[in-house]
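All values below come from the heavy atoms of this structure, side chains included, with hydrogens, waters and symmetry mates left out. This chain uses plain numbering: 1 for the first residue, then up along the sequence.
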Amino acid sequence: MPLDDGVSIQLPLLDWLQDETCFSLASRHHYLWGYPSSESTCELLFAHARGGVQHDLPNNLQTCVERTNGRVGDTGRVAREHILLKFYQAFISAGDREDAVNWLAGSNVARLKLRLGILSSRFRASHPLKACPACINEDVRNVGWAYWHLRHQYPGVWYAQSTSNSSPSPFTNRLD
């Protein structure tokens, strides 16, 4: 795990939205802070220009926790509730969950997908970002901007049931 480098973010910090991904929170901070490049935001949040950029299983979570003075929660909470580990943890032992959190806390998560069995699953290691048009509209209406929902990112999910009407959108989440 990285040591606290003493850097603390002195800019406004946003709170989590319901079912929000870590990638989404970083993206919203990027927009709010107005940095010209994503590397600047990643450097500030994750202490590396490419830190935290993987939307599915980001690295350097401990650094993000430290730099936000714990405002995002602890590393375990971020890993278990705001990234795809939430989906995969049901299929692994408690010890493997702790190992996964430790890898996500640090700078190298290269072996995590292999350890989780993702590389040999039928979904493979690719986790494309997905969004639901109905949820986008609902988010803009209810919270002021759209954001990436974790339940939309689960492997095999291609549809999300909108809460605003009874018909499913083109992207329905059957895991809800």
**Student:** Determine whether Cys132 and His149 make a side-chain contact, defined as any pair of heavy atoms from C-beta on separated by less than 4.5 Å.
**Tutor:**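 Result no, sub-4.5 Å side-chain heavy-atom pair not found.
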**Student:** To the nearest 0.5 Å, what is the distance between CD1 on Ile136 and CZ on Arg141?
**Tutor:**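 Interatomic distance, Ile136 CD1 to Arg141 CZ, rounded to 0.5 Å: 12.5 Å.
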**Student:** Indicate yes or no for a side-chain donor-acceptor contact from Lys86 to the backbone of Leu150 under 3.5 Å, with no hydrogens or angles considered.
**Tutor:**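 The answer is no, because no donor-acceptor pair under 3.5 Å joins these two groups.
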**Student:** Could you check if a side-chain atom of Leu84 sits within less than 4.5 angstrom of a side-chain atom of Gln153, using non-hydrogen atoms only?
**Tutor:**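 SC-SC contact between Leu84 and Gln153 confirmed.
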**Student:** For Lys113 versus Asp56, what's the shortest heavy-atom pair and its separation?
**Tutor:**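 Heavy atoms of Lys113 and Asp56 come nearest at NZ-OD2, 2.8 Å.
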**Student:** Under 3.5 Å, is there a donor-acceptor pair between the side chain of Asn59 and the main chain of Ser107?
**Tutor:**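 Yes, the answer is positive, given that a donor and an acceptor are paired below the 3.5 Å cut-off.
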**Student:** Should Trp145 and Asp139 count as side-chain neighbours, where that means a heavy-atom distance under 4.5 Å?
**Tutor:**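 In short, these two side chains do not touch, never coming nearer than 4.5 Å.
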**Student:** Looking only at heavy atoms, what is the nearest atom pair of Ala131 and His152, with distance?
**Tutor:**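 Scanning both residues, the minimum pair turns out to be CA-ND1, 4.2 Å.
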**Student:** Among all residues two or more places apart in sequence or in another chain, which pass the side-chain contact (heavy atoms from CB on, under 4.5 Å) test with Ile92?
**Tutor:**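 Result, side-chain contact (heavy atoms from CB on, under 4.5 Å) vs Ile92: Leu85, Asp96, Arg97, Leu116.
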**Student:** Could you grab the distance from atom CG of Leu44 to atom CG of Leu11, nearest 0.5 Å is fine?
**Tutor:**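 Rounded to the nearest 0.5 Å, the CG-CG separation comes out at 6.0 Å.
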**Student:** Any sub-3.5 Å donor-acceptor pair from Glu98's side-chain atoms to Ala94's backbone N or O?
**Tutor:**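 No, Glu98 side chain to Ala94 backbone: no donor-acceptor pair under 3.5 Å.
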**Student:** Asp19: which residues meet the salt bridge (charged side-chain N to carboxylate O under 4.0 Å, His left out) condition with it, sequence neighbours left out?
**Tutor:**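 Asp19 satisfies salt bridge (charged side-chain N to carboxylate O under 4.0 Å, His left out) with Arg151 only.
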**Student:** With sequence neighbours excluded, tell me which residues meet salt bridge (charged side-chain N to carboxylate O under 4.0 Å, His left out) with Asp74.
**Tutor:**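 If we apply the salt bridge (charged side-chain N to carboxylate O under 4.0 Å, His left out) test to Asp74, skipping adjacent residues, there are no hits.
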**Student:** Under the side-chain contact (heavy atoms from CB on, under 4.5 Å) rule, collect the residues that match up with Pro36, sequence neighbours excluded.
**Tutor:**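 Result, side-chain contact (heavy atoms from CB on, under 4.5 Å) vs Pro36: none returned.
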**Student:** Applying ring-ring contact (aromatic ring centres under 6.0 Å, His included), name anything that partners His30, two or more places apart in sequence or on another chain.
**Tutor:**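 In terms of ring-ring contact (aromatic ring centres under 6.0 Å, His included), with neighbours along the sequence ignored, His30 is linked to no residue.
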**Student:** Do the side chains of Thr21 and Ile83 get nearer than 4.5 Å, heavy atoms only?
**Tutor:**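 Sidechains of Thr21 and Ile83: no contact.
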**Student:** Going by the rule side chain to side chain donor-acceptor pair (under 3.5 Å), which residues pair with Asn69 if we only count those two or more places apart in sequence or in a different chain?
**Tutor:**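 Scan of Asn69 (side chain to side chain donor-acceptor pair (under 3.5 Å), adjacent residues dropped) gives Ser8.
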**Student:** According to a hydrophobic-cluster definition based on side-chain heavy atoms being under 4.5 Å apart (Ile, Leu, Val, Met, Phe, Trp, Tyr only), do Tyr31 and Ile9 belong together?
**Tutor:**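 Tyr31 and Ile9: one cluster.
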**Student:** Identify, with sequence neighbours excluded, every residue that meets side chain to side chain donor-acceptor pair (under 3.5 Å) alongside Asn142.
**Tutor:**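 None.
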**Student:** Could you check if a side-chain atom of Leu61 sits within less than 4.5 angstrom of a side-chain atom of Cys22, using non-hydrogen atoms only?
**Tutor:**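 In contact.
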**Student:** State, with a plain yes or no, whether a side-chain heavy atom of Arg71 is found less than 4.5 Å away from one of Asp15.
**Tutor:**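 Yes, side chains in contact.
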**Student:** Enumerate the salt bridge (Lys or Arg N to Asp or Glu O under 4.0 Å) contacts for residues 22-49, please, sequence neighbours excluded, ordered by first and then second residue.
**Tutor:**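 Every salt bridge (Lys or Arg N to Asp or Glu O under 4.0 Å) pair that includes a residue of residues 22-49, provided the two are not neighbours, is Glu20-Arg28.
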**Student:** If you group Ile, Leu, Val, Met, Phe, Trp and Tyr whenever their side-chain heavy atoms sit less than 4.5 Å apart, what else falls in with Phe23?
**Tutor:**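 Phe23 shares its hydrophobic cluster with Leu129, Trp148.
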**Student:** What residue pairs, at least two apart or across chains, pass ring-ring contact (aromatic ring centres under 6.0 Å, His included) with a residue in residues 56-86?
**Tutor:**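 Checked against ring-ring contact (aromatic ring centres under 6.0 Å, His included) - neighbours excluded - the pairs reaching residues 56-86 are Trp16-His82.
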**Student:** Table please: side-chain donor-acceptor pairs of residues 45-55 below 3.5 Å, with sequence neighbours left out.
**Tutor:**
{"residue": "His48", "atom": "ND1", "partner": "Arg50", "partner atom": "N", "Å": "2.9"}
{"residue": "His55", "atom": "NE2", "partner": "His127", "partner atom": "O", "Å": "2.2"}

**Student:** Tell me whether Tyr147 contacts the main-chain N or O of Gln18 through its side chain, where contact means a donor paired with an acceptor under 3.5 Å.
**Tutor:**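 A pair under 3.5 Å: yes.
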**Student:** Using only atom types and a distance under 3.5 Å, with no angle test, would you say the side chain of Arg115 pairs donor to acceptor with the backbone of Ala100?
**Tutor:**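 Checking the backbone N and O of Ala100 against the side chain of Arg115, no donor-acceptor pair under 3.5 Å is found.
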**Student:** Classify the ring geometry between Trp33 and His29 as parallel (under 30°), tilted (30 to 60°) or perpendicular (over 60°).
**Tutor:**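 Rings of Trp33 and His29: tilted, 30 to 60°.
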**Student:** Not counting sequence neighbours, which residues clear side chain to side chain donor-acceptor pair (under 3.5 Å) with Ser40? List them please.
**Tutor:**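 Only Ser37 meet the side chain to side chain donor-acceptor pair (under 3.5 Å) criterion with Ser40.
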